[in-house]
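Report on one structure; see the data block that follows.
All figures in this text were calculated on a predicted structure; none of them were measured in a lab.
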Amino acid sequence: MLELDLTLTAGQVLEECRRRGLVVRSERELAGRTGGRHWHLRIPGRPGTLELSESQNRVWVKVHPLRDGGWASAVAHELSAQRPSL
């Protein structure tokens, strides 16, 4: 499984994902972490899922090996390389 920490906020990641054509498939509380959030993002009509989580000032993405869909790992790496704009 690929897991990468991000320097962007969850809001910035969601905005960047929307800009790239991804949509939120689900949003819920992060299991076992009070106040944490967890999203599943996808590209409509294509296989694959990018997971976004935030908890206690940490934001990260995950891609399960069988859920890459040919794009999710690449997007995760691109997001991890981005730095917040001031």
All heavy atoms of Val63 vs all of Ser73, minimum pair found to be CG1-OG, 3.7 Å
Pairing residues for His40 by the ring-ring contact (aromatic ring centres under 6.0 Å, His included) criterion, not counting sequence neighbours: His38
Nearest non-hydrogen partners of Pro44 and Gly21, listed with the distance: CD-O, 3.4 Å
Give the minimum heavy-atom separation between Leu79 and Leu8, together with the two atoms involved. O-CD1, 4.2 Å
Looking at Arg83 and Thr7, what are the two nearest heavy atoms and their distance? NH1-OG1, 3.4 Å
Taking the side chain as everything from C-beta on, heavy atoms only, tell me whether Glu78 gets closer than 4.5 Å to Arg20. yes
Under the side-chain hydrogen bond (donor to acceptor under 3.5 Å, both in side chains) test against Thr49, which residue among Arg25, His64, Arg42, Lys62 passes? Arg25
How long is the straight-line distance from CH2 of Trp60 back to CG of Leu6, given to the nearest 0.5 Å? 10.0 Å
Donor-acceptor pair, side chain of Trp71 and main chain of Pro47, under 3.5 angstrom: yes
Does CZ belonging to Arg67 count more than 12 external heavy atoms closer than 6.0 Å? no
Using the rule that two of Ile, Leu, Val, Met, Phe, Trp, Tyr join whenever any of their side-chain heavy atoms come within less than 4.5 Å, decide whether Leu30 and Leu52 are in one cluster. no
Do you know which of Val23, Leu14, Val75 makes side-chain contact (heavy atoms from CB on, under 4.5 Å) with Leu41? Leu14
Hey, does the side chain of Ser80 reach the backbone of Asp5 with a donor-acceptor pair shorter than 3.5 angstrom? no
In a check of side-chain hydrogen bond (donor to acceptor under 3.5 Å, both in side chains) between Arg37 and each of Glu27, Glu29, Glu54, which one passes? Glu27
